[in-house]
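Positions are given from 1, in the same order as the sequence printed here.
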Amino acid sequence: MAIDLHRHTLTWNEGADHYTTQWMTERLVSPPKQVLLADDTVTADMAYRDIMQGAVLLYRGDFQNAKQLMSALARRVDKRKGSKKAKPEVTPAHAFHLHRQSQAQRARVLNSILVPLNADFSVPLRRAPDVHEALQAAWGTLQWQGLACISLRELLGLIGAFEWRKKGVEIAALGAAPNNRVFPFYGVYSPVRGEYLDLLAKADVKPFVRPDALAFDIGTGTAVIAALLARRGVPRILATELDTRALECAAFNVQQLGVQQQVSVVQADLFPPGQADLLVCNPPWLPAKPVAAIERAIYDDNSAMLKGYLNGVKTHLKPGGRAWLLMSDLAEHLGLRKPGELQQWIAQADLRVVHVSHTRPVHSKSLDPSDPLHQARKQEVTSLYVLEPVSEPEAL
């Protein structure tokens, strides 16, 4: 398994002795200015002061006490954030960037508590849980000498993701339980927002259920869209992914959902070779730069995937075929994409909109006035665009 695992070398002194270890992380973080040792006597105020001065804390006490320290740090960060007065003149785009900065600062503070990690994926702290299975599932087989360390926050995320992977996420659009669960792997975005799947469940698939029809699901992730197309009768679907972890996740879900006779998972940067009768893509909805693997399903830097999909439709669509695009207009409400810009990109790709259907989000953040992006979220509309070429599709 190929993963974006960074290894930062950390050094510190204990008396006359000099020590070195590796900080294993999938986040884009800068090496710390200083490594300080911490134990159960360290208070949240002491830890916060040291972290704000650029240090990380290598914890050597009780694992559960380390969790309590991280929770106390989170309360301090959130209290300081809540004490700042909102500026009424802030534009939606500025509010979004301030929100991301705030999230990044919170993550930096909370990721600065490190716990030791043995090469056998055990944590040598009192009352530490067995994390071997969770780390094995996320990282596969890794080799290193001696002791490494990992952010406690990242480790807890790995443990939580492993529990989701075992439990699965029920997807109503896939039919009745129990054969309607998707199992997201760590680093692969979970399809928790069901409104776009509801649009797909209602879309007209009659032209694409004939025996020779072929569909491409571009950027399949958990393979939930490919599975939904299969459940609706599309006889053959190629589900593409570039990320190796997502490829493994998609292949696993295809087997679990019993659609392996219809769905093939292939590694490709957007499109596989050839042409299909139906193209489907649900690209990341916000044009911003991701800073962690999981954010690649949320942020599409410079709208590269969106534009790549639109510009590839004519080449990979069979005559008489259709391209489906699932998009939210949250970017427009946040000022990250100009009104009408998506339609302009569609036209520049020599495509036209045949039909569009809309739905409103029902997730909790859209109903939460305390969310810093609430004004944009409450206006959000998710749409399924049905596209066709203006002129004849290009021959391969």
Side-chain angles (χ1 to χ4, degrees), residues 168-184 188 191 194 196-242 246-283 308-310 312-326 351 353-357 384-389 392-396:
V169 178
E170 189 171 304
I171 306 297
L174 289 176
N179 196 23
N180 66 349
R181 287 187 175 272
V182 168
F183 299 86
V188 182
Y196 71 93
L197 296 176
D198 292 338
L199 288 173
L200 284 177
K202 297 172 184 176
D204 181 15
V205 295
K206 290 179 183 178
F208 313 111
V209 297
R210 64 180 192 273
D212 62 339
L214 172 65
F216 292 166
D217 173 23
I218 307 301
T220 194
T222 60
V224 64
I225 289 178
L228 180 53
L229 293 175
R231 290 276 173 89
R232 297 204 62 203
V234 179
R236 185 171 172 234
I237 303 110
L238 293 184
T240 73
E241 259 297 344
L242 191 59
L247 283 165
E248 292 184 12
C249 177
F252 179 85
N253 284 311
V254 165
Q255 291 290 327
Q256 289 295 116
L257 292 168
V259 293
Q260 64 271 22
Q261 297 301 316
Q262 295 161 269
V263 180
S264 299
V265 179
V266 296
Q267 187 169 28
D269 187 358
L270 293 181
F271 296 93
Q275 294 180 318
D277 304 276
L278 174 63
L279 308 176
V280 185
C281 186
N282 175 35
Y309 174 68
L310 293 174
V313 164
K314 282 190 64 178
T315 301
H316 293 278
L317 191 65
K318 289 182 179 180
R322 292 287 186 271
W324 291 357
L325 173 67
L326 285 155
L351 304 174
V353 178
V354 178
H355 176 73
V356 60
S357 52
L384 171 60
Y385 294 91
V386 178
L387 310 172
E388 69 176 7
E392 286 298 315
E394 301 170 6
L396 287 178

> Between Leu238 and Pro272, which heavy-atom pair has the shortest distance, and what is it?
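Scanning both residues, the minimum pair turns out to be CD1-CG, 4.1 Å.
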
> Would you list the pairs meeting ring pair (Phe, Tyr, Trp, His ring centres under 6.0 Å) in which at least one residue belongs to residues 258-278, sequence neighbours left out?
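Checked against ring pair (Phe, Tyr, Trp, His ring centres under 6.0 Å) - neighbours excluded - the pairs reaching residues 258-278 are Phe271-Tyr309, Phe271-His316.
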
> Could you tell me if the side chain of Leu197 sits less than 4.5 Å from the side chain of Ile225, heavy atoms only?
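The answer is yes; the side chains approach within 4.5 Å.
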
> Please report the closest heavy-atom contact between Cys249 and Pro184, naming both atoms and the distance.
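Heavy atoms of Cys249 and Pro184 come nearest at SG-CA, 4.0 Å.
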
> Roughly how far apart are Asp269 CG and Ile218 CD1, rounded to 0.5 Å?
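These two atoms lie 10.0 Å from each other.
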
> Working note: Tyr196 + Val224, criterion side chain to side chain contact (heavy atoms under 4.5 Å, CB included); need CA distance, chi angles, decisive distance, verdict.
CA-CA 11 Å; Tyr196 71 93; Val224 64; 4.2 Å; yes

> Using the side-chain contact (heavy atoms from CB on, under 4.5 Å) definition, which of the options Ile237, Asn253, Leu247 pairs with Val265?
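For Val265, the side-chain contact (heavy atoms from CB on, under 4.5 Å) test succeeds with only one of Ile237, Asn253, Leu247, which is Leu247.
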
> Just by modelled atom types, is the Phe208 backbone N or O under 3.5 Å from a matching donor or acceptor in the Asp277 side chain?
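Looks like no, no N/O pair under 3.5 Å.
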
> Can you check whether Thr315's main-chain N or O pairs, donor with acceptor, with Gln275's side chain at less than 3.5 Å?
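A pair under 3.5 Å: yes.
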
> Near Arg231 CZ, under 6.0 Å, is it more than 12 heavy atoms from other residues, nucleotides or ligands?
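It does: Arg231 CZ has more than 12 such atoms within range.
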
> Do the side chain of Thr240 and the main chain of Gly219 share a donor and acceptor less than 3.5 angstrom apart?
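Pair found, side chain donor or acceptor close to backbone of Gly219.
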
> So among Leu257, Val259, Leu174, Val205, which one has a side-chain contact (heavy atoms from CB on, under 4.5 Å) with Leu228?
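Passing option: Leu174.
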
> I need the minimum non-hydrogen distance between Val188 and Ala246, along with the two atoms involved.
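Minimum heavy-atom contact is CG2-CA, 3.7 Å.
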
> Could you tell me whether the side chain of Gln262 and the main chain of Ala230 form a donor-acceptor pair under 3.5 Å?
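It does hold such a pair.
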
> Find out whether Trp324 and Leu326 are in side-chain contact, i.e. whether some heavy atom of one side chain is under 4.5 Å from a heavy atom of the other.
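Side-chain contact under 4.5 Å: no.
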
> What pairs with Glu388 under side-chain hydrogen bond (donor to acceptor under 3.5 Å, both in side chains), at least two apart in sequence or on another chain?
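Glu388 satisfies side-chain hydrogen bond (donor to acceptor under 3.5 Å, both in side chains) with Arg322, Arg352 only.
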
> Would you please name every residue forming a side-chain hydrogen bond (donor to acceptor under 3.5 Å, both in side chains) with Asn180, sequence neighbours left out?
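By the side-chain hydrogen bond (donor to acceptor under 3.5 Å, both in side chains) rule, Asn180 matches no residue at all.
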
> I want to check something: taking the side chain as every heavy atom from C-beta on, are Lys314 and Leu351 in contact at a cut-off of under 4.5 Å?
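In short, these two side chains touch, coming nearer than 4.5 Å.
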
> If every non-hydrogen atom of Gly221 is compared with every non-hydrogen atom of Ala250, which pair is closest and at what distance?
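In terms of heavy atoms, the two residues are closest at O-CB, 3.4 Å.
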
> Minimum heavy-atom separation for Glu170 to Ala177, with atom names?
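Taking every non-hydrogen atom into account, OE1-CB, 4.3 Å.
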
> Would you check if Val353 and Leu387 make a side-chain contact, meaning some heavy-atom pair closer than 4.5 Å?
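Touching, per the 4.5 Å side-chain cut-off.
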
> So, for Leu384 and Ala203, which heavy atoms are closest and what is the spacing to 0.1 Å?
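Looking at all heavy atoms of both residues, the closest pair is CD2-CB, 3.7 Å.
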
> Do Val263 and Asp217 have side-chain heavy atoms sitting under 4.5 Å apart?
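They are not in side-chain contact.
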
> To the nearest 0.5 angstrom, please state how far the CG atom of Leu278 sits from the NZ atom of Lys318.
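One gets 11.5 Å once the value is rounded to the nearest 0.5 Å.
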
